[in-house]
Amino acid sequence: MKALGIILAGGGSKRMKELSNLRAVSAMPIAGSYRAIDFTLSNMSNSHIQRVGVLTQFNSVSLNEHLNSSKWWDFGRKQGGLFVFSPTITSQHSDWYRGTADSLYQNLNFLYRSHEPYVIITSGDGVYKMDYNRVIEYHIEKKADITVVCTNLCEDEDISRFGVVHTAEDGRITELEEKPVDSSSRFVSCGIYVIRRRLLIEMLEECAAEERYDIVRDIIIRYRKHKRIYAYNFESYWSNISSVESYYKTNMDFLKSEIRNYFKGAPEIYSKVYDNPPAKYNPGAEVKNSLISGGCIINGKVENSILFDNAYVGDGAVVRNSIVLGDVYIGDNATVENCIIESRSTLENNSRYIGSPEEIKVVVEILGEYSL
Amino acid sequence: MIKKEMIAMLLAGGQGSRLGVLTQKVAKPAVSFGAKYRIIDFPLSNCINSGVDTVGVLTQYQPLRLNTHIGIGIPWDLDRNNGGVTILPPYENIKGSDWYSGTANAIYQNIDYMKEFDPDYVLILSGDHIYKMDYEMLLDYHKANNADVTIAVMQVPIQEAKRFGIVVTDETGRITEFQEKPEEPKSDLASMGIYIFKADLLFQALEELKDVPGCDFGKHVIPYAHEKGKRIFAYEFNGYWKDVGTLQSYWEANMELIDIVPEFNLYEEFWKIYTKQDTLCPQYVGNNAVIERSLVTKGTEIYGTVKNSVIGSGVTIEEGAEVYDSIVMEGTVIGAGSKLYKSIVAENTVIGRNCEIGIGEYRENAVDSRVYCSDLAVIGEKTVIPYGTKIGKNTAVWGVTTASDYQDGMLPGGGYLVKAGEES
């Protein structure tokens, strides 16, 4: 096999507000069926990458739970497999991961002991479908040292969360502005890199010796004139979910049939499957333009919303323009508009939770187990 | 091999001929049930939930769908280093080859499989019933009675008892008499076809009865044990149990799942039912869709009206289509403006636009009135029904049909139109 996969899934995000109190961004549920990391994991599996390391740190419990078996993505095999690396104390070091490059450096043995000539580094918070072999082919064709996958950011996204890339005609990166306030370009890095394994090891060791810890700042930006760093233009759907606004928008995108069908078609996105019964529509249920997951029981009204597994919508309850995460109980006659309801919340009868399209409200009402 | 206290042998080779076109290409245990399940999921899930982790599945009739469904047993956690699920098809040996000629004959032919685990008890199950049962309780009962054979039984209305194998027990639960489909039943306890045997007794009986043609548990093995004076006990089961052997009972059992609090509840956290499933998008419900009193599973796209129905995964119900009191299985498309009344539509079928199915008066079926004896319209798998076709009640359609197959665009009540599969 040509490449080894590394998924950087360690980050938290303040922009996720309360949603990241409970879980890593990579473990955020998406579109009623998936978790964010499923997209890159499935892309790896579908690109025939068999050996994948996942680096976790922040709130890693939720992610480790999701990754407790690697068979859902077809990594449960003797050759290769899925390896999860959390920070660990050894005789050499006892630090947390101090940055993306440091997290790789602390697991350098994984890179040393592999045989694949290339490494593809991705992050766990992107929603997209990509054949990584295309990127590797581009990388080889350009005789690049590092290839950065980039995309044109859509107009309504906040550019200040991204790394803006400026390229020469042939695609070589000349400048990278990290999280600019404003920029003339909307061509941004997707946080997906291809690099030769040997070169990566070399650069990581150099960085570590100089006490530098970040891939973007200390490798891409620092070496942009010294190494051949190219941008690969990715033109299909790509979305990064690590703010409440973009998380909401990415989920709502799945209500559009073209996006839903794009992700539904081959190659598939895999996820850990739960054994929930079919959704049940009782008398009084009124559902419009919504995604409903397994195990839901609906007695009330649901419009323009996404219900994750096992949601219960009581009699006369109204859910509009909202995302309801797993195991939520919405009591009779409750009203929910423009909200994201944290999983395992219990909304009492007759309660009202109203956000606005500009300011999506995150609701956390965890009282304990509800019983049906 | 590690010794197992009890292993299960699951009989899944039957055709289920009274399900008509639904079982032309699949064995009955592999028929869809309750939107996302297949019938065999129930006994398999019961096994793993009861701690029985070694299950031999005996297949014979049309095993492809069954084999792909079971695979290596991942959905039921039956992918094990020791035990797990094993598919046991008929095989050829030095003396020639034999099909499984009866339930006990099938088990006999796999006696080596059973002996590998050196079990103390063997649980015999059939793959065509819908129920949740803790086999561990059955085993405890078996041990407490120091029984040689325990048969799970349930009470049936006395007027229906003549359709079943009936057992007569004394006050301790020990069975004193058997009646096979009796005209005048002496009790209302019917055998459910679920048995626990002491392994030694089972092996001995199978060896001795090996030359009996069509060797069957109800007809031969149990009477054999009874004649030998073995201790045979009845375990009375009080939960939900449904034999879905006929189209009418299959349809009813599906419809019962829709009740607000169904007698057979799939939503309980305890005793989950597992099944093989792909990662699919959740169901999408369109702007003009109306869904009421229905079960709908993942990957469906619903733009029309669905009432009192059970909809399988990946089904598309187009704008303006109306589905009432029906079962629609995986991957089927119901064309815009079509109306379905009390129909069963099998997998990957395409119903064209503006069709009307299940309309008109009930009439006796022209071809097979034993199988088709309700007002259901039954459409087999991979069928195509052209634009604007009308299909009456108590009908069966299977295969790729075109407008020229229908007189005046209509298949009247009691009609039978099968174009696929010469064997039917």
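A, B, ... follow the sequence lines: proteins, then strands. Residue 1 opens every chain. What you see is a predicted model; the values in this text were computed from it and never measured.
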Looking at [X], I want to see if its [atom1] is surrounded by more than 12 non-hydrogen atoms of other residues, nucleotides or ligands under 6.0 Å.
{"X": "B/Glu268", "atom1": "CD", "answer": "yes"}
{"X": "B/Lys382", "atom1": "NZ", "answer": "no"}
{"X": "A/Glu258", "atom1": "CD", "answer": "yes"}
{"X": "B/Arg353", "atom1": "CZ", "answer": "no"}

Legend entry - Residues in residues 297-323 of chain B near chain A [non-hydrogen atoms, under 4.5 Å]: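 Under the 4.5 Å heavy-atom cut-off, B/Thr297, B/Lys298, B/Gly299, B/Glu301, B/Tyr303 qualify.
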
[X] [atom1] to [Y] [atom2] distance, which is reported to the nearest 0.5 Å:
{"X": "B/Thr275", "Y": "A/Asp275", "atom1": "OG1", "atom2": "CG", "result": "8.0 Å"}
{"X": "A/Asn276", "Y": "B/Ile273", "atom1": "CG", "atom2": "CD1", "result": "13.0 Å"}
{"X": "A/Asn282", "Y": "B/Asp259", "atom1": "CG", "atom2": "CG", "result": "9.5 Å"}
{"X": "A/Asn289", "Y": "B/Tyr284", "atom1": "CG", "atom2": "OH", "result": "3.5 Å"}
{"X": "A/Lys71", "Y": "B/Ile74", "atom1": "NZ", "atom2": "CD1", "result": "5.0 Å"}
{"X": "A/Cys296", "Y": "B/Gln283", "atom1": "SG", "atom2": "CD", "result": "7.5 Å"}

Legend entry - Contact summary for B/Leu257 and A/Lys280, nearest pair of heavy atoms: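 Heavy atoms only, the tightest pair is O-CE, 3.9 Å.
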
Inset, instruction - Mark yes or no: B/Arg293 above the aromatic ring of A/Tyr281, with NZ or CZ under 6.0 Å from the six-membered ring centre and no more than 45 degrees from the axis. - result: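 No - B/Arg293 does not lie over the ring of A/Tyr281 by the 6.0 Å and 45° rule.
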
Heavy-atom distance under 4.5 Å to chain B: side chain of [X], backbone, both or neither?
{"X": "A/Lys272", "value": "neither"}
{"X": "A/Ile269", "value": "backbone"}
{"X": "A/Tyr34", "value": "side chain"}
{"X": "A/Asp38", "value": "neither"}
{"X": "A/Lys264", "value": "side chain"}
{"X": "A/Ala285", "value": "both"}

Any side-chain heavy atom of [X] sitting closer than 4.5 Å to one from [Y]?
{"X": "B/Ile291", "Y": "A/Glu286", "value": "no"}
{"X": "B/Val296", "Y": "A/Ile292", "value": "no"}
{"X": "B/Val285", "Y": "A/Lys288", "value": "no"}
{"X": "B/Tyr37", "Y": "A/Pro277", "value": "yes"}
{"X": "B/Pro282", "Y": "A/Phe308", "value": "no"}
{"X": "A/Pro283", "Y": "B/Ile260", "value": "yes"}

Legend entry - Largest heavy-atom contact set with chain B, pairs under 4.5 Å, which of A/Asn299, A/Leu291, A/Val302, A/Leu307: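 Among A/Asn299, A/Leu291, A/Val302, A/Leu307, the one with the most close pairs to chain B is A/Leu291.
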
Inset, instruction - Return the option, out of A/Gly294, A/Ser271, A/Ser290, A/Ser293, with the maximum number of heavy-atom pairs under 4.5 Å with chain B. - result: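 Option with the top pair count is A/Ser290.
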
Legend entry - For chain A, the option from B/Ser45, B/Ala35, B/Cys281 that forms the most heavy-atom pairs under 4.5 Å: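 That would be B/Cys281.
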
Legend entry - Closest-packed option against chain A by number of heavy-atom pairs under 4.5 Å, given B/Ile258, B/Asn288, B/Val290: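 Option with the greatest count: B/Ile258.
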
Legend entry - Portion of B/Asp79 that has a non-hydrogen atom of chain A nearer than 4.5 angstrom: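 B/Asp79 touches chain A through side-chain heavy atoms alone.
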
